[in-house]
Each structure stands twice: as C-alpha cells, then as structure tokens.
Trainee: 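Take this structure first; my questions come after.
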Amino acid sequence: MTDNTVTKHPLTLLGLGDMGTALARTWLAAGHPLTVWNRTAAKAEALAAEGAAVAASPAEAVAANTLVVLCLLDDASVGSVLDGIDLTGKDLVDLTTGTPAEGRRRAAWAEARGARFVDGGIMGTPAMIGVPASGAYVFHSGSRALFDTHRAALQVPAGARFVGEDPGHAALFDMALLSGMYGLFAGISHAYALIEGEDIAPKELAPLLSEWLGAMGFFVGNAADRLTSGDFTTGVVSNLAMQVAGSGTLLRTAEEQGVSAELITPYLELMRRRLAADPVAHAGEDTVGAITLLKR
Ligand code: FVH
C-alpha cells in the first residue's frame, strides 16, 4: 500500500490564530485536503491561496470532514464556536489550551452530542510546528480509537504522544511541563536581576547559568524517585537544614543588590515550613520532602 491513504486524509481546522495557521500550513504542505474556518475571515485568505478550502461558517466547516481539529483561544471559545452544530459521528481533536477539568467536561459534552473526543496540549511554539528537529510535540488524551484512526494526520505538525483515555490528562501533562518551565524562568529572571548594574554582562552570566541549570536537572529524576519511594533521607547530598540556613544568604544578597526576592521567596519559604514542621525528622531530608506540603 502506498502512503496515499495518509497524504489524502482530509480534515477541518477551526481557528487560524498564530498556532492554527502554523498547523494548517503543515497539513497543506503534506497534501492533506484541509477545510478551515476562522472568526476573522481575513486570516484564511493566505491559506486559501495555499490550497485550503475556506468554510463560511463553523457548521459548514464541521460538516466538511469527520476529523475536526480546534485551535482556539480558550475552552469558552470552543463552546461558543461549536454551539448548536450537529456533531454526530465527528472526531473532535481539541488543541486549544485548557485545564484538565475543562478537557473532561468538553469530552463529556462532545460524547453527549455523538462525537468522539481527544484533548490535546501543544508543547511548542508556532515557529516549532512542522520543524521535526524542533522537538515540538502534542500530548493527546481521550478516545484511543479516535487517536489511532487519525494518528497519521495528527503527527504531521509535530510529534503526537497519547497519554491515556482520561481526557484531562493531556492538559495535565501540558500544565505540569509549563509550570516547571515558569519556575525555571522565575529563577533565571532573578539571577539576571542580581547582576544588573554590576560590571557583569548578561552574556557573561548566560553560559554559566545555562551550564549550572543543566547540571541541576538531576533534580527532576531525583524527585520522581523519592516521591515514588517516599524516602526523602537516603543518600541526601544537600540536606534541608543546610539549604534553609543558606536561604538567608540568598535573601540578603537580593537585598544588597536592590532586587525584589518575590520570585524565589515562595520556594525558600516552602523549605522553611517543611523544616519547621519537624526539625529533627526533616533536617537531613532532601528538599523533595517539601513537595508534600503543596497538595491542598
Ligand atoms: N502561540 C503559542 O505559542 C502557544 C503554544 C502552545 C499552545 N498555545 C495555545 O494554542 C491555542 C491557540 O493559540 P494561538 O497562538 O493561535 O492564539 P491567537 O493567535 O491569539 O489565536 C486565537 C484564535 O482563537 C480565535 N478566537 C478567540 N476567541 C474566539 C471566539 N470567542 N470565537 C471564535 N474564535 C475565537 C481567534 O479568532 P480571531 O481573533 O482571529 O477572529 C484566533 O483564531 C491557545 O489555546 C493557546 O493557549 C499557543
């Protein structure tokens, strides 16, 4: 069998913002017949010139194909765009960023209307879409049957990773990774603020910071191991008591440099609370133990 069945896989895309447009271009370039709709019709013009069929309404776009991909601003816009449209027999893949609960509610909503549903979380920027070396990929969760049916088309823009039949899990993985990223950005931002006004160029700090953060990447696996075993004390290299004591130096340095410590204080405070809860039991722990304070 040739790849014709793959390259001719027709689909509809609702939403032509920066990300939707990037997705659309990859499907068109790969030869997939694509029907598009966007609230602001002008955004479809360039894609029409590249071969997309432009629908006059969301209902017309949905009627055109079984596979319907959504890439809108938020879950509320998905609800308003699909409101009142017959979804019977449709396969909805919602790449709009949302929360796990929104993914689960939207799946139930779609299934009640006779559609299969997969939620997606895009791990990449528009510039990374359609660039295999960029490392971009999409988390998918929900109907395994839908994912298997359309896998070839779904992995055209970026890698496609199925993370289970709970429709909330794609968003949960997405938000977990983004949360880790923002924590990293916070620390990096604080580091650059510390050197501002000194005779140290940002470009001098950059490679050192990058190398250090790479070396500290071991914390990801260390945390997973300790959270799995519940053992926060065996083989600890930098114990909690020492790190809490060292926090004061970080805070005094921020003060000396005239820098707000707002980005790093929450984590330092979490370590302090863990130690204060039981100084004898927790002094020799790894800082991973502090994670147990976060769950409400
Ligand atoms: N851009 C990025 O870097 C990130 C990467 C990770 C994933 N996100 C999510 O992708 C969704 C779309 O993001 P986007 O970059 O395409 O966003 P915009 O360029 O702002 O386009 C938004 C589209 O949504 C349409 N829209 C908004 N509200 C409504 C509504 N009430 N009814 C119908 N359509 C609506 C908007 O239409 P228009 O303004 O052009 O008429 C755009 O098509 C998003 O979930 C990111 O979090 C992107």
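First listed ligand is number 1; within each ligand, the first listed atom is number 1. Any value given below was found using the heavy atoms of this structure, including those in side chains, with hydrogens, waters and symmetry copies removed.
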Trainee: Hey, what do you get for OG1 (Thr287) to CG (Asn239), rounding to the nearest 0.5 Å?
Mentor: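 Separation between the atoms: 10.0 Å.
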Trainee: What atoms of ligand 1 come closer than 4.0 angstrom to any heavy atom of Thr96?
Mentor: 45 (O)
Trainee: Measure the distance from atom 13 (O) of ligand 1 to every protein heavy atom, then report the residue, atom name and distance (to 0.1 Å) of the closest one.
Mentor: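 Ranking protein heavy atoms by distance from atom 13 (O) of ligand 1, first comes Met19 CB, 3.9 Å.
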Trainee: Tell me: protein heavy atom nearest atom 38 (P) of ligand 1, and distance?
Mentor: Thr40 OG1, 3.5 Å
Trainee: To which protein heavy atom is atom 40 (O) of ligand 1 closest, and what is the distance rounded to 0.1 Å?
Mentor: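 Here the closest protein heavy atom is Lys43 NZ, 2.6 Å.
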Trainee: Can you tell me the protein heavy atom closest to atom 20 (O) of ligand 1 and the distance?
Mentor: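 Looking at atom 20 (O) of ligand 1, the protein heavy atom closest to it is Leu73 CD1, 3.9 Å.
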Trainee: Under the side chain to side chain contact (heavy atoms under 4.5 Å, CB included) rule, what do Arg113 and Lys90 come out as? Steps first, then yes or no, please.
Mentor: CA-CA 9 Å; Arg113 286 159 179 75; Lys90 297 298 173 183; over 6 Å; no
Trainee: I'd like to know if the side chain of Asn65 reaches the main chain of Leu67, judged simply by a donor and an acceptor atom lying under 3.5 Å from each other, with no hydrogens or angles considered.
Mentor: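 Judged by distance alone, no pair lies under 3.5 Å.
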Trainee: Counting each atom of ligand 1 from 1 as listed, which ones have a heavy atom of Gly20 under 4.0 Å away?
Mentor: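 Close to Gly20: 16 (O).
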Trainee: Have a look at ligand 1 and work out which part of Met123, if any, has a heavy atom under 4.0 Å from it: side chain, backbone, both or neither.
Mentor: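 The answer is neither; Met123 stays 4.0 Å or more away.
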Trainee: When rounded to the nearest 0.5 angstrom, what is the spacing between NE2 in His140 and CZ in Arg161?
Mentor: 12.0 Å
Trainee: May I ask you to identify the nearest protein heavy atom to atom 33 (C) of ligand 1, giving residue, atom name and distance to one decimal place in Å?
Mentor: Val81 CG2, 3.3 Å
Trainee: May I ask you to list the atoms of ligand 1 that are less than 4.0 angstrom from any heavy atom of Leu16?
Mentor: 43 (O)
Trainee: Look up atom OG in Ser141 and atom CD in Glu165, then write down how far apart they are to the nearest 0.5 Å.
Mentor: 9.5 Å
Trainee: Rounded to the nearest 0.5 Å, what's the gap from CH2 on Trp212 to CD1 on Ile188? Could you check?
Mentor: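 The CH2 atom of Trp212 sits 14.0 Å away from the CD1 atom of Ile188.
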Trainee: Does Gly124 reach ligand 1, in the sense of a heavy atom lying below 4.0 Å from it?
Mentor: yes
Trainee: Between Asp18, Leu72, Asp75, Asn38, flag the one that comes closest to atom 17 (O) of ligand 1 by a heavy atom.
Mentor: Asp18
Trainee: With respect to atom 45 (O) of ligand 1, which of Val36, Ile122, Thr97, Ile129 exhibits the smallest heavy-atom separation?
Mentor: Thr97
Trainee: Return the closest protein heavy atom for atom 3 (O) of ligand 1 as residue, atom name and distance.
Mentor: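 Going atom by atom, the protein heavy atom closest to atom 3 (O) of ligand 1 ends up being Pro126 CD, 3.3 Å.
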Trainee: Looking only at protein heavy atoms, identify the closest one to atom 39 (O) of ligand 1 and say how far it is in Å.
Mentor: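 Heavy-atom neighbour on the protein nearest atom 39 (O) of ligand 1: Arg39 NH2, 2.9 Å.
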Trainee: To the nearest 0.1 Å, how far is atom 21 (O) of ligand 1 from its closest protein heavy atom, and which atom is that?
Mentor: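 Ranking protein heavy atoms by distance from atom 21 (O) of ligand 1, first comes Gly17 CA, 3.3 Å.
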Trainee: Which ligand 1 atoms are under 4.0 Å away from a heavy-atom of Cys71?
Mentor: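 Contacts of ligand 1 toward Cys71, numbered from 1: 10 (O), 11 (C), 12 (C).
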Trainee: Rounded to the nearest 0.5 Å, what separates atom OG1 in Thr265 from atom CG in Leu250?
Mentor: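 Going from OG1 on Thr265 over to CG on Leu250, the span is 9.5 Å.
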Trainee: Give a yes or no on whether Phe139 and Leu23 share a hydrophobic cluster (residues Ile, Leu, Val, Met, Phe, Trp, Tyr; joining criterion: side-chain heavy atoms under 4.5 Å apart).
Mentor: no
Trainee: Applying the 4.5 Å side-chain criterion to the ILVMFWY set and letting contacts propagate, would Leu11 and Leu14 be lumped into a single cluster?
Mentor: no
Trainee: Please work out, at 4.0 Å between heavy atoms, whether the side chain, the backbone, both, or neither of Thr21 comes within that distance of ligand 1.
Mentor: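 Neither; no heavy atom under 4.0 Å.
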Trainee: Does any part of the side chain of Val138, heavy atoms only, come nearer than 4.5 Å to the side chain of Leu154, both counted from C-beta?
Mentor: no
Trainee: Kindly confirm or rule out a cation-pi arrangement of Arg106 over Phe117, judged by NZ or CZ under 6.0 Å from the six-membered ring centre and within 45° of its axis?
Mentor: no
